[in-house]
Amino acid sequence: MAKEISDILKEQGTLNDEQIKRAQMYAKQNNTTVSDAVVILEFATEEQVTSALAKHLSLPYASKENGILSPEREQDLQKMIPEKFARENLVVPLFIEDNELAVAFFDPSNLFLIDNIRMMAGKEVQPFIASKSQILSVIDSFYGHKNLLEEVVNETGKDNATNTAGDEDVQIDAGNLDFDKYSGTSSQYIKLVNAILKQAISERASDIHLELFDERVSLRFRIDGSLYERTPPTKDSVAAIISRIKILSKLDIAERRLPQDGSFGLKYQNRIIEIRVSVCPAVYGEKLVLRILDRGTGEMNVDKLGFEPEQKKAFLEAANLPHGLIFLTGPTGSGKSTTLNAVLTTIRTPELNFMTLDDPVEYKLAGISQVQVKPQIGLTFAAGLRSFLRQDPDVILVGEVRDNETAEACLKAALTGHLVLSTLHTNDALGAIPRLIDMGMEPFLLSSSLELVAAQRLVRILCPYCKVPYQPDPKIVAQIINEGRFNPKDVGTWTFYKSVGCPKCVGTGYLGRRAIYEVYRIREDLRNIIYKTQDLIEMRKVIDNSGALNLRANGWRKVVKGLTTVDEILAVTTSEE
């Protein structure tokens, strides 16, 4: 392609020189394309990039929205371009008109690919251009693999295979989910593992749970925070599935008495995905839990996390200070790491030295030194943090403060001119203060170094394709007005929705999650209370008088905007009254 996509987007007013420079640097550091970097850094959407390219190349643009990216099944297009070829080359057939085959391409500049399709289909090719994600989504629906897991489970059950699966049976590339070419008894387990992984990824699952009970097998996917049952494998195949996963994760397949942890990576639909593995012995056999880390779905833009404008302003003000402590609280899995990494990405600059210490390192951040904690060799949070101070850092991210030693190290770092961001497990933001004092931080030192405390939870977002409006109980509306600090006159502008369920959201009624926050800057009045009395009731009165939103008030704002449900907010937050 003669002209870079960055130049095309600049000409069309989508990118500026600074964004182009950052995208090119990100692409180089992460071995990706500039167009992918532009989308990952959220300087432009994938559709904006594709549309700009279509305009530059004078090609028609195909998308679900304009109705063109909708293959016609009755024209037998699947035989002209097989699924495997379509996936490997990111193409999808659309329709036939005047003996020409219309094909959507991700890269229509590949003339060799166009010639191949012309010979394969026996027709002239009319190229369209479409985005990568939309092409892959249409391939899934057009070629039809919605019941793939159930089909493979049934096929495996007919084999009456034994429970054994040695190294020689499963030495297949860990990154390969194209299982159609395998056959035979042992390969059925490979097919089964790949089918489970493929369905979980396509359904946006964050975790896979496989557990053996006395009379049955349980297979569950965690989607948007909730577990859903899926077609389980047979009891006879569970041991072989776990052995297959152990080998991929480089674990000991003979060890069934002790817990084991490992990981492996795979590539699926041009996405790099990391699978974290945990195997734990239970009464009826080993329980397997897989955590799916899809690098393509991490939200690294603070504008998209769920902050209200005043909360975002307060957080970024504190994050741009030269020194001090920032603590984000919440339970495990509430998105704390995502928020802190998004903040680091926002404030990152070459003039400052950024370092992170985490367990595990979930996000790879360009231009930031990241260290993985390894307690088994003595590299704890506290030990790593002490080492960091000899590396001349300006901003330090500590994954979690778990003990007195780490708390003390964070405090010393903040008092010696460093900005320290970390997390705690407390029920609310203000609960971080007595927790830190219990860990041994002196109140007079904490009051002078603490700059911000925040808390967050994740709430499920309603599926826009199937949500329906309804009228809630007047008592609920009154509660929302009171707890959300709304003007009663605004009620007439609100529309409440409830979940239904459709194929787009896999029947859950929800599509994705977003964070709700409470963010409190530590001003002079709070510093005095921390120093003198550490009274939480007094602190809450100060916060209430400041007008800052608590978790539930922030949640009600998501409800009145039609993003989530009343039940979801009531389930994840508590009233402070």
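The basis for the numbers below is simple: all heavy atoms, side chains too, and nothing from hydrogens, waters or symmetry mates.
Salt bridge status for Glu451 with Arg527: present, with a side-chain N to carboxylate O gap under 4.0 Å. Under a 4.0 Å N-O distance rule, the pair Glu538/Lys532 does not qualify as a salt bridge. Of the charged side-chain nitrogens involved, none lies within less than 4.0 Å of a carboxylate oxygen, so that Arg552 and Glu568 do not count as a salt-bridged pair. Note on Glu408 versus Lys412: salt bridge recorded, some NZ/NE/NH1/NH2 to OD/OE distance being below 4.0 Å. With respect to the salt-bridge test (charged N to carboxylate O, under 4.0 angstrom), the residues Lys246 and Glu286 qualify. Between Lys498 and Asp567 there is no salt bridge, since none of the side-chain N atoms of the basic residue sits less than 4.0 Å from a carboxylate O of the acidic one. The existence of a salt bridge linking Arg485 and Asp544 is confirmed by a sub-4.0 Å separation between a basic side-chain nitrogen and an acidic carboxylate oxygen.
Between Ile247 atom CD1 and Ile242 atom CD1 the span is 12.5 Å, to the nearest 0.5 Å. The line from CD1 of Ile516 to CG of Leu305 is 13.5 Å long, rounded to the nearest 0.5 Å. Interatomic distance, Arg457 CZ to Lys336 NZ, rounded to the nearest 0.5 Å: 8.5 Å. One distance of note links NZ of Lys312 with OH of Tyr517; it measures 12.0 Å at 0.5 Å rounding. Remark: Arg540 CZ to Asp535 CG distance equals 10.0 Å, nearest 0.5 Å. Going from atom CG of Leu328 over to atom CG of Leu424 covers 9.5 Å, rounded to the nearest 0.5 Å.
Across every non-hydrogen atom of Ser499 and Thr565, the tightest pair is N-CG2, 4.2 Å. Closest non-hydrogen pair, Leu389 versus Ala413, comes out as CD2-CB, 3.8 Å. Ile326 and Leu419 get closest at one heavy-atom pair: CD1-CD1, 4.2 Å. In plain terms, the two heavy atoms of Asp261 and Leu251 that are nearest each other are O-CD2, 3.2 Å. Heavy atoms only, all atoms of each residue included: Ala205 and Phe221 are closest at CB-CB, 3.9 Å. Closest non-hydrogen pair, Ile347 versus Ala319, comes out as CD1-O, 3.4 Å.
The closest donor-acceptor contact from the side chain of Gln534 to the backbone of Pro443 lies at 3.5 Å or more, if one exists at all. With hydrogens and angles ignored, the 3.5 Å screen pairs a side-chain donor or acceptor of Ser334 with a backbone N or O of Pro331. Under a 3.5 Å cut-off, the side chain of Ser422 and the backbone N or O of Val398 do form a donor-acceptor pair. Checked by atom type and distance alone, the side chain of Lys467 pairs as donor or acceptor with a backbone atom of Gly562 at under 3.5 Å. No donor-acceptor pair closer than 3.5 Å links the side chain of Asn554 to the backbone N or O of Asn550. The backbone N or O of Glu308 lies less than 3.5 Å from a partner atom in the side chain of Gln311, making a donor-acceptor pair. Checking side-chain atoms of Asp224 against main-chain N and O of Arg460 turns up no donor-acceptor pair under 3.5 Å. Checking side-chain atoms of Glu274 against main-chain N and O of Ser263 turns up no donor-acceptor pair under 3.5 Å. Distance alone, capped at 3.5 Å, places no donor-acceptor pair between the Gln370 side chain and the Met355 backbone. Using modelled atom types, one side-chain atom of His425 and one backbone atom of Gly330 make a donor-acceptor pair closer than 3.5 Å.
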| task | Might you work through the side-chain hydrogen bond (donor to acceptor under 3.5 Å, both in side chains) test for Asp490 and Thr493, ending with a clear yes or no? | result | CA-CA 6 Å; Asp490 295 334; Thr493 66; 5.3 Å; no
- Task: Check the pair Ser206 / Ile292 against side-chain contact (heavy atoms from CB on, under 4.5 Å), numbers first and verdict last.
- Result: CA-CA 5 Å; Ser206 61; Ile292 301 172; 5.8 Å; no
Start with the C-alpha distance between Ser218 and Glu211, add both sets of side-chain angles, then the distance that settles side-chain hydrogen bond (donor to acceptor under 3.5 Å, both in side chains), and finish with yes or no. CA-CA 5 Å; Ser218 171; Glu211 194 167 5; 5.4 Å; no
Practice item. Give the C-alpha distance, both sets of side-chain angles, the deciding distance and a yes or no for side-chain contact (heavy atoms from CB on, under 4.5 Å) between Leu421 and Phe327. Key: CA-CA 6 Å; Leu421 299 89; Phe327 281 98; over 6 Å; no
Step by step, work out the side-chain contact (heavy atoms from CB on, under 4.5 Å) result for Ile569 and Val459. CA-CA 7 Å; Ile569 300 304; Val459 295; 3.8 Å; yes
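Under the 4.5 Å side-chain criterion, counting only non-hydrogen atoms from C-beta, Ile223 is not in contact with Tyr510. Between Ile530 and Phe444, every side-chain heavy-atom pair lies at or beyond the 4.5 Å cut-off. Using a 4.5 Å cut-off on side-chain heavy atoms (C-beta onward), Ile208 and Arg291 make no contact. Side-chain atoms of Leu210 and Lys287, non-hydrogen and from C-beta on, never get closer than 4.5 Å to each other. Put simply, the side chain of Thr356 does not reach to within 4.5 Å of the side chain of Ile396, judged on heavy atoms. The shortest side-chain heavy-atom distance between Asp359 and Glu400 does not fall under the 4.5 Å cut-off.
Taking the centre and axis of the six-membered ring of Phe264, the NZ or CZ atom of Arg276 falls outside the cone set by 45° and 6.0 Å.
In Asn427, the CG atom is not crowded: 12 or fewer heavy atoms of neighbouring residues, nucleotides or ligands sit closer than 6.0 Å. At most 12 heavy atoms of other shown residues, nucleotides or ligands fall within 6.0 angstrom of atom OH in Tyr465. Under a cut-off of 6.0 angstrom, the local environment of CD1 in Ile537 is sparse, with at most 12 non-hydrogen atoms contributed by other residues, nucleotides or ligands. For Tyr531, the OH atom counts as loosely surrounded, since its 6.0 Å shell holds 12 or fewer non-hydrogen atoms of other residues, nucleotides or ligands. In the displayed structure, Arg257 atom CZ is contacted under 6.0 Å by at most 12 heavy atoms of other residues, nucleotides or ligands.
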